[in-house]
J.: 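I'd like to ask some things about the structure below.
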Amino acid sequence: MNIHEFQAKQLFAQFNIPVPRGKGVASVEEAQAWAGELQSPVYVVKAQIHAGGRGKAGGVKLTKDRAQVGTLARELLGKVLVTHQTGPEGRKVQRLLVEEGADIASELYVSLLVDRFSGWPVFVASRAGGMEIEEVAAHSPEKILKTLIDPAAGYQAFHGRALGYQLGFEKELLGPFVQMMGNLYRLFMEKGAAVVEINPLVITRDKKLIALDAKVTFDDNSIYRNDDIKALRDLDEEDPLEVLASQYGLNYVKLDGEIGCMVNGAGLAMATMDTIKLAGSFPANFLDVGGGASKETVKQAFTILMSDRNVKGVFINIFGGIVRCERIADGVMDAAKEVSIRVPLVVRLEGTNAVEARQMLADSGLNLVVARTMWEGAQKIVSLIHA
């Protein structure tokens, strides 16, 4: 789960990580009122969307004139920002962060995430703050520093000191940096974060450390442990179909293709999408109904697929191991009674009671095609939508 920058900075403040004074606002009036309270030499107005690259897209504005804050807020609210992470459709700005500026002397990059190889938390840091870390890693990998933390022992001061020395911190800043890294680690572990990132972490001219930007992403599987984190979810930033799917416990991700997929099991879902591509088309989604899919689950999944206007055909590919195939067939037939099948439908069922399930579908009178193998099903759905 992603959260906004202003929400991430609120979390940082709770864990004693220094951030600029700022506030999330949703209207021009709120922005003007907060600017009056802030009384800063420089005001920063930032668009709040769940995507990076806001600055390059014109989503970050600076002014020394407090009276201009309202004007800048009016320009940004309702604007559609297109960045390298939003895709060409962009994202509508519905919230802003208005905060004080900082007198920057230098910028660094710091993040904390889980290392894929060791499974341990790892600090990633660089003197090349303010830049896209992917670019730094690609062109100057020697500038990327990493410090692994054994979760059994946790963060220790020597981790921060070693990283601080490598980053070239002056003695007076080393102590605050060590403490900040410890606070980042506490936030990461206690709140079930997947990524905590500060880019840039700035050193001001009066020798202070400030998290000028903040990004926090949470592991969906840990959110149940923290009601305060669950409350930060912004449904306006998520695809409506993905929100609906989450309410039924479905693993759904909308994609840009034309063939809707309903599959049980993440591995089979990935294989199905690859097979559709191999057959000459593109998947419109990732949809895993899970190993214990019920008749109701299948019906809801089918409804979601039919709600996507980009879907020109649907391929249901189920391996009945835990779930019995006739349950899937029942769900498809029930869904067809409530949702009009306006596109070609191919169903491939294999596993427990697959023969009976295929016969049920054949006798149902529904406008669908039954396939025996995944490759046959992919070829049939592609040929049907291009007929």
Side-chain angles (χ1 to χ4, degrees), residues 1-3 7-8 11-12 14-15 17 50 52 85 108-129 132-138 140-167 177-199 201 211 213-230 232-233 242 246 249-253 263-271 273-274 286 288 290-292 321-322:
M1 185 184 87
N2 293 318
I3 62 174
Q7 296 170 320
L11 275 177
F12 278 16
Q14 291 176 26
F15 283 81
I17 299 162
H50 288 174
Q85 291 187 5
L108 303 93
Y109 172 92
V110 171
S111 68
L112 181 59
L113 62 157
V114 175
D115 178 67
R116 291 186 178 184
F117 298 101
S118 65
W120 289 4
V122 59
F123 280 107
V124 179
S126 174
R127 292 293 304 187
E132 293 180 10
I133 197 64
E134 295 85 1
E135 291 293 318
V136 179
S140 305
E142 73 282 357
K143 294 182 180 180
I144 305 293
L145 306 173
K146 295 182 180 181
T147 299
L148 287 164
I149 310 295
D150 182 347
Y155 175 85
Q156 306 295 327
F158 73 84
H159 292 122
R161 281 197 298 270
L163 192 56
Y165 283 131
Q166 292 179 77
L167 290 169
F177 177 76
V178 171
Q179 184 177 13
M180 178 186 284
M181 294 302 97
N183 292 337
L184 275 177
Y185 185 82
R186 274 200 310 121
L187 187 160
F188 184 84
M189 298 300 287
E190 291 180 18
K191 297 300 183 181
V195 176
V196 177
E197 181 181 83
I198 305 175
N199 188 27
L201 169 64
D213 197 4
K215 175 182 178 180
V216 182
T217 301
F218 296 95
D219 184 337
D220 291 344
N221 294 312
S222 73
I223 294 175
Y224 75 94
R225 294 192 283 123
N226 294 285
D227 289 338
D228 59 329
I229 300 302
K230 189 186 302 182
L232 298 178
R233 185 180 182 188
E242 293 183 9
S246 68
L250 299 169
N251 297 308
Y252 175 86
V253 179
V263 186
N264 65 325
L268 184 57
M270 297 298 289
M273 293 192 296
D274 288 344
F286 172 101
D288 173 13
I322 300 173

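What you see is a predicted model; the values in this text were computed from it and never measured. These numbers come from the heavy atoms of this one structure, side chains and all, not from hydrogens, waters or symmetry mates.
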J.: Pair F286, M270 - check side chain to side chain contact (heavy atoms under 4.5 Å, CB included), show working.
T.: CA-CA 8 Å; F286 172 101; M270 297 298 289; 3.9 Å; yes
J.: Taking it one step at a time, do F188 and V114 satisfy side chain to side chain contact (heavy atoms under 4.5 Å, CB included)?
T.: CA-CA 10 Å; F188 184 84; V114 175; 3.9 Å; yes
J.: Taking the side chain as everything from C-beta on, heavy atoms only, tell me whether V110 gets closer than 4.5 Å to M181.
T.: yes
J.: Is there a side-chain contact between V178 and F158 (heavy atoms, below 4.5 Å)?
T.: no
J.: May I ask you to decide if I198's main-chain N or O and D213's side chain share a donor-acceptor pair within less than 3.5 Å?
T.: no
J.: Minimum heavy-atom separation for F218 to I3, with atom names?
T.: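 Heavy atoms of F218 and I3 come nearest at CE1-CD1, 3.7 Å.
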J.: To the nearest 0.5 Å, how far apart are NZ in K230 and CG in L232?
T.: 12.0 Å
J.: Could you tell me which non-hydrogen atom of V136 sits nearest to which non-hydrogen atom of S126, and how far apart they are?
T.: CG1-OG, 4.1 Å
J.: In the structure I gave you, are the side-chain heavy atoms of N199 and S111 within less than 4.5 Å of one another anywhere?
T.: no
J.: Give a yes or no on whether the backbone of M1 and the side-chain of D220 come within a donor-acceptor separation of less than 3.5 Å.
T.: yes
J.: Looking only at heavy atoms, which two atoms of L163 and T147 are closest? And how far apart?
T.: CD1-OG1, 3.6 Å
J.: Would you check if F15 and K191 make a side-chain contact, meaning some heavy-atom pair closer than 4.5 Å?
T.: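 Yes, their side chains come closer than 4.5 Å.
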J.: Working to the nearest 0.5 angstrom, can you tell me the gap between Q156 CD and D150 CG?
T.: 9.5 Å
J.: For the side chain of Q85 and the backbone of G52, is there at least one donor-acceptor N/O pair under 3.5 Å apart?
T.: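 Pair found, side chain donor or acceptor close to backbone of G52.
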J.: Looking only at non-hydrogen atoms, find the nearest pair between I17 and A211 and report the distance.
T.: CG2-CB, 4.4 Å
J.: Without swapping roles, check the side chain of N226 against the backbone of I229 for a donor-acceptor pair under 3.5 Å.
T.: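 Here the side-chain-to-backbone pair does not exist.
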J.: Please step through side chain to side chain contact (heavy atoms under 4.5 Å, CB included) for the pair Q14 and L187, ending with a clear verdict.
T.: CA-CA 9 Å; Q14 291 176 26; L187 187 160; over 6 Å; no
J.: Measure across R225 and G192 and return the closest heavy-atom pair with its distance rounded to 0.1 Å.
T.: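 Closest approach of R225 to G192: NH2-CA, 3.7 Å.
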J.: Does M180 form a side chain to side chain contact (heavy atoms under 4.5 Å, CB included) with N183? I'd like the steps, not just the answer.
T.: CA-CA 5 Å; M180 178 186 284; N183 292 337; 5.5 Å; no
J.: Classify the angle between the aromatic ring planes of F123 and Y185 as parallel (below 30°), tilted (30 to 60°) or perpendicular (above 60°).
T.: tilted
J.: Enter the distance from D115:CG to W120:CH2 here, rounded to the nearest 0.5 Å.
T.: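 Between D115 CG and W120 CH2, I get 10.0 Å after rounding to 0.5 Å.
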J.: Over all heavy atoms of both residues, which pair between A193 and V216 is shortest? Give the atoms and the distance, please.
T.: CB-CG1, 4.2 Å
J.: Is there side-chain contact between Y109 and E197, with at least one heavy-atom pair below 4.5 Å?
T.: yes
J.: How many angstroms lie between CG in D288 and CG in N264, if you round to the nearest 0.5 Å?
T.: 7.0 Å
J.: Measure the shortest side-chain to side-chain distance between F177 and L201 over non-hydrogen atoms and say whether it is less than 4.5 angstrom.
T.: yes
